[in-house]
Amino acid sequence: MGGDTAVHVTIDIFTQINLTDSAAKLREGREKALGPQQTPETSANAYRVKYREHIRNKYSAIKDMNARLGENVKLNSRYTKLIIVKEHRHKKQRENEIMASGRRHEEIISNYASSITIGHLFELDEDGQLPQIVMLLGPAGIGKTLTAIKIMLDWANGELYQSRFDYVFYINCRELNFVSEQGSIEDLIFKNCADQNAPTKEILMNPEKLLFIIDGFDELRFSFNQSESNFSSDPCEKQSVEIVLSSLFRKKVLHKSYLIITTRPTALEKLKQCLEDGHCAERYAEILGFSENAREEYFHKFFRNEEQAIKAYNFVEDREMLFTMCFIPIVCWIICTVLKQQMEAGEDLAQTSRTVTDVYVLYLSSLMKGHSSNSKQQIQMNLKGLCSLAADGVRRQKILFEEDEIKQHGLDTADSLFLNENMFQKDLDCEHVYSFIHLSFQEFFAALSCVLQKEETTVEDSETILKNVKMLLKRDTNNGNYSTLTVRFLFGLLNDERKEEREKMLSCKISPLIKETLVKWVEEKPTVSLFSYVGKKMTSYLEAFHCLYEIQEKKIVQSAMNLYTRLILTEHNFTKMDEIVLSFCIKHCCKLESLCLRQCSFQDEDMPRPCKQPRRAQYQHEPHHSPIYQLCQALMAPNSILKTLNLWKCRLTAAGCGDLADVLRTSQSLTDLYLYNSVEEAGVRLLCGGLKHPNCKLQTLELDSCRVTAAACGDLADVLTTSRSLTELILGGNELGDSGVRLLCEGLKHPNCKLQRLNSPCLLAGAGCCPDLSSFVLVCHNHKGSLKFLLTCKGLRSSTVTSPIHALMPPLCLSLSCSLESCRVTAAGCGDLAAVLRTSRSLTELHLGYNELGEAGVRLLCEGLKHPNCKLQNLHLKWCRVTAAGCRDLAAVLRTSRSLTELHLGYNELGEAGVRLLCEGLKHPNCKLQNLHLDKMYFREEMWAELDAVKDTKPDLVIQIQGSW
């Protein structure tokens, strides 16, 4: 213990035992010994006021990395709260965190139970101990230094640690690397002070009131392998910087002082060794980054302009991967900086904004520049090692690496940018493994490894790279999972326009070696049957579109997309980025004639988000675009030749219908729009605005099961009287009501009405038909004699299924189609239907899907179908429990029917025997069938041979093999 400290302790003891005179004399003697410069005004307590003011002036403003001379930002106007946790995560938790993206990633990092603030770093732990050393961890760019400075400023402003610490000192480790002369703890304190008159000796007399913030331990170049005999207990003794710090870490000096040490996780093990034998309580705390709310707050603080902040934040939130990576503060800063520059230049973000690849390149470049403690050669070696490690991990589908693996790739665990160290309990020991900060960074470096040009590249090197890339593409095609982002980054890195700019940023050359392979791969995607993309296959095609979006080369995008004439995407939850990518690719697809989105959902901006108000409630003045706005913009492109748009069970908002109405007003090619169970009445009325426009070319409109009531029928009637093109209207599954039917009848009677085919719902009152149904049919007959009438009846009892058909059996010249799907039709009902088939002159189409007809029902139905008076042309029996026995009866129909041309048998229990029986019927010379729909589940190689034989006999027959829908 130093002499001054001993005197101070003695004074305290004398005061406590009431020896006040002795204490006063000792205090007087000490003040004389301190010399004339140590007046009461410059004592520790009095100086603290001056020191606080100095710290406020020093740290109240910060400079951005790209700041020009004289530019700075107030720290408190920019700093945003970070998520800090005081627990070690389990291995599975860490893996989930590394791999998650979008909302899932936000949920994981925001829901840790041990989240704390900087004000809680020195609170008692569960055992009632007060930590003296806080290890504050986080990867590069996560906000460790800004947090350290924020602690300094808050203390100086009287907002933090007021009763706990009299003085807080900031020590920058990067600067200490360049200190060659000897120094002491006292010298480190002097560097924090405004002048050399600071009463350092008095300050040091109360070590329990001192906090030292050691920022950037991972950047120190010292080995810390000093012998304990070299340590010093005197804070004024001059030693090498390494010994001074070692003495402080091990509590050999200022034993009662407190420390906050910031470090990247890769140096955690080294730090723990430096803290050994300190015999004091420690606390582990890790900065995870920004929560979703904090990200939004940061955008507002950065832009300081509400309109710009909202526009930029919405832009990023729509792009899932960018939004995910904004949990890292430096990525958030990079994105804000780029977007602000584009806004100030008057550029449209949607047209000129950088891709995800661009942002990752900027992030890598900024950290490489900021890590100035390493030479350029070391940084390049580090980069190559990271690329090699990442590529190895992607090939082996591995995200956690042992220390030996890190070293095999030439990386120093204590000095590797972008790596995290993770410690997990394993049996009685701790397991140390390493990972990239997020899986997306591993995939980015893996992609970079394929395009970085070596100084000397051999033929063998080139062949290895091409082989690895082809394997990567094959894996992505097969399972579309682990290496998905790697492939996207490969495309993004090979953009010709930005190649030179990126080479300058990364200080290395980018090789175009694999570009031809990538282009060939993406152009091969449409060669597979485009009947239906479901599950992994559909996801794989969507990933190809993401790749085209990343490369942003018009010639390549158009070449790939012009191979598509028909596109079907099924059961996919489109993120905002998916919507942007799909729209981008469709806009560049000049040959697409049919687009079907089946049971797809779109991210609605009005949907409530966790812990937040709906965005529209916050910013009413912001323009409201529907989830399909981008898609509709693409469909209105001058080069679009789309004829058919099918949005089946896509649940569109009214705003979405407004955007579709704009398409109807603009498109010169769209003729068929199918919206089964996708819109509601408010949306229907908006659609009618587009249908009535003189430029609208639509011929077929399906509004089946769209909750159309009498209110919308008036709008539809107006469409019938004004539309120059609409020839088919499908209204099945709606409750039009008597007044709705009357309104439609008025439209149908109008001389300008061009309608030729009407699908109407069956309107029943108990067991009898609604009176208006008959009047509806009479109007159709009297005014539109050529109108084909389709009656849709859903949910009826078996006993009533023929009632609506009998109502239409008088000798009208209407062509009648009837849908009895999901009407609980049984064998008994099939007998009644057979009677209808034998006598009706008008029934040409019958839908019986989703009824359990069974063998007996199919047999009875077939008796009617074989009757010479039967005029049925189209029969749908999907999900009807048709078996091989039923196929025998249907084969007999095929041999005798003079009218049946289309038969649907998907989702039945036909078996191979049943398909063979059907094939025999199909080959019969009297068979008139032109279209047969079957389920793919029955087809082994032998069955394909049977069908080929049928095709040889009947070359005009179309056999469609359905997927899983």
Side-chain angles (χ1 to χ4, degrees), residues 103 307 310-311 313-320 323 348-350 569 572-584 586-587 595-609 612-637 640 642 645-667 670 673-693 695-696 698 701-709 711-712 714-716 718-719 734:
R103 299 288 176 209
E307 183 179 350
I310 293 168
K311 186 176 181 181
Y313 180 77
N314 291 350
F315 177 84
V316 171
E317 191 183 32
D318 289 349
R319 289 150 176 81
E320 184 180 60
F323 180 71
D348 181 0
L349 298 186
L569 302 175
H572 184 71
N573 181 18
F574 281 86
T575 64
K576 284 288 181 181
M577 194 63 210
D578 288 338
E579 295 163 24
I580 291 165
V581 166
L582 179 64
S583 304
F584 170 82
I586 287 177
K587 191 172 183 178
L595 173 63
C596 176
L597 303 181
R598 192 174 178 86
Q599 280 189 293
C600 294
S601 62
F602 302 92
Q603 200 174 93
D604 189 353
E605 293 178 351
D606 284 332
M607 188 170 57
R609 296 177 289 166
K612 299 186 70 172
Q613 296 178 0
R615 187 190 302 167
R616 300 300 161 193
Q618 292 176 299
Y619 312 125
Q620 295 293 337
H621 63 278
E622 183 189 354
H624 183 188
H625 292 317
S626 79
I628 63 166
Y629 172 78
Q630 295 275 357
L631 175 62
C632 290
Q633 291 296 304
L635 297 179
M636 289 190 287
S640 174
L642 192 80
L645 177 61
N646 189 340
L647 301 175
W648 195 85
K649 283 191 175 181
C650 288
R651 301 297 175 91
L652 305 180
T653 62
C657 291
D659 290 327
L660 278 177
D662 288 338
V663 175
L664 294 174
R665 295 184 186 98
T666 309
S667 175
L670 188 64
L673 178 60
Y674 298 93
L675 297 172
Y676 176 81
N677 198 14
S678 288
V679 301
E680 296 188 1
E681 188 166 79
V684 172
R685 304 187 78 168
L686 286 169
L687 277 173
C688 289
L691 289 162
K692 289 185 285 186
H693 196 278
N695 289 339
C696 179
L698 203 73
L701 174 64
E702 179 189 30
L703 295 173
D704 195 326
S705 302
C706 288
R707 302 182 187 177
V708 179
T709 62
D715 295 283
L716 287 169
D718 289 342
V719 171
N734 292 294

Closest approach of [X] and [Y], non-hydrogen atoms and distance?
X: L597; Y: C650; value: O-SG, 3.1 Å
X: A655; Y: S626; value: C-CB, 3.6 Å
X: R685; Y: A712; value: CG-CB, 4.2 Å
X: S583; Y: Q630; value: OG-C, 3.1 Å
X: E579; Y: F574; value: OE2-O, 3.5 Å
X: N677; Y: C706; value: N-SG, 3.8 Å

Checklist entry - To the nearest 0.5 Å, how far apart are CG in L582 and CD1 in I580? => result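 Between atom CG of L582 and atom CD1 of I580 there are 11.0 Å.
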
Checklist entry - When rounded to the nearest 0.5 angstrom, what is the spacing between CG in N734 and CD in E681? => result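 It is 9.5 Å, given to the nearest 0.5 Å.
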
Are [X] and [Y] close enough that some pair of their side-chain heavy atoms sits under 4.5 Å apart?
X: L664; Y: H693; value: no
X: V663; Y: L673; value: no
X: V679; Y: L660; value: no
X: R665; Y: N695; value: no
X: D578; Y: F602; value: no
X: L635; Y: L670; value: no

Next on the checklist: Test of understanding: with salt bridge (charged side-chain N to carboxylate O under 4.0 Å, His left out), list the residues that count as partners of E680, not counting sequence neighbours.
Outcome noted: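 Applying salt bridge (charged side-chain N to carboxylate O under 4.0 Å, His left out) to E680 gives R707.
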
Checklist entry - Between Y313 and F323, how do the two ring planes meet: parallel, tilted or perpendicular, split at 30° and 60°? => result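 Because their plane-to-plane angle is over 60°, the rings of Y313 and F323 count as perpendicular.
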
Item to check | Derivation of the side chain to side chain contact (heavy atoms under 4.5 Å, CB included) call for L698 and L691 | outcome: CA-CA 7 Å; L698 203 73; L691 289 162; 3.5 Å; yes

Checklist entry - Between the main-chain N or O of Y676 and the side-chain N or O of S678, is there a donor-acceptor pair closer than 3.5 Å? => result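 Side chain of S678 to backbone of Y676, a donor-acceptor pair under 3.5 Å: yes, one is there.
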
Item to check | side chain to side chain contact (heavy atoms under 4.5 Å, CB included) evaluation trace for L647 with R598 | outcome: CA-CA 6 Å; L647 301 175; R598 192 174 178 86; over 6 Å; no

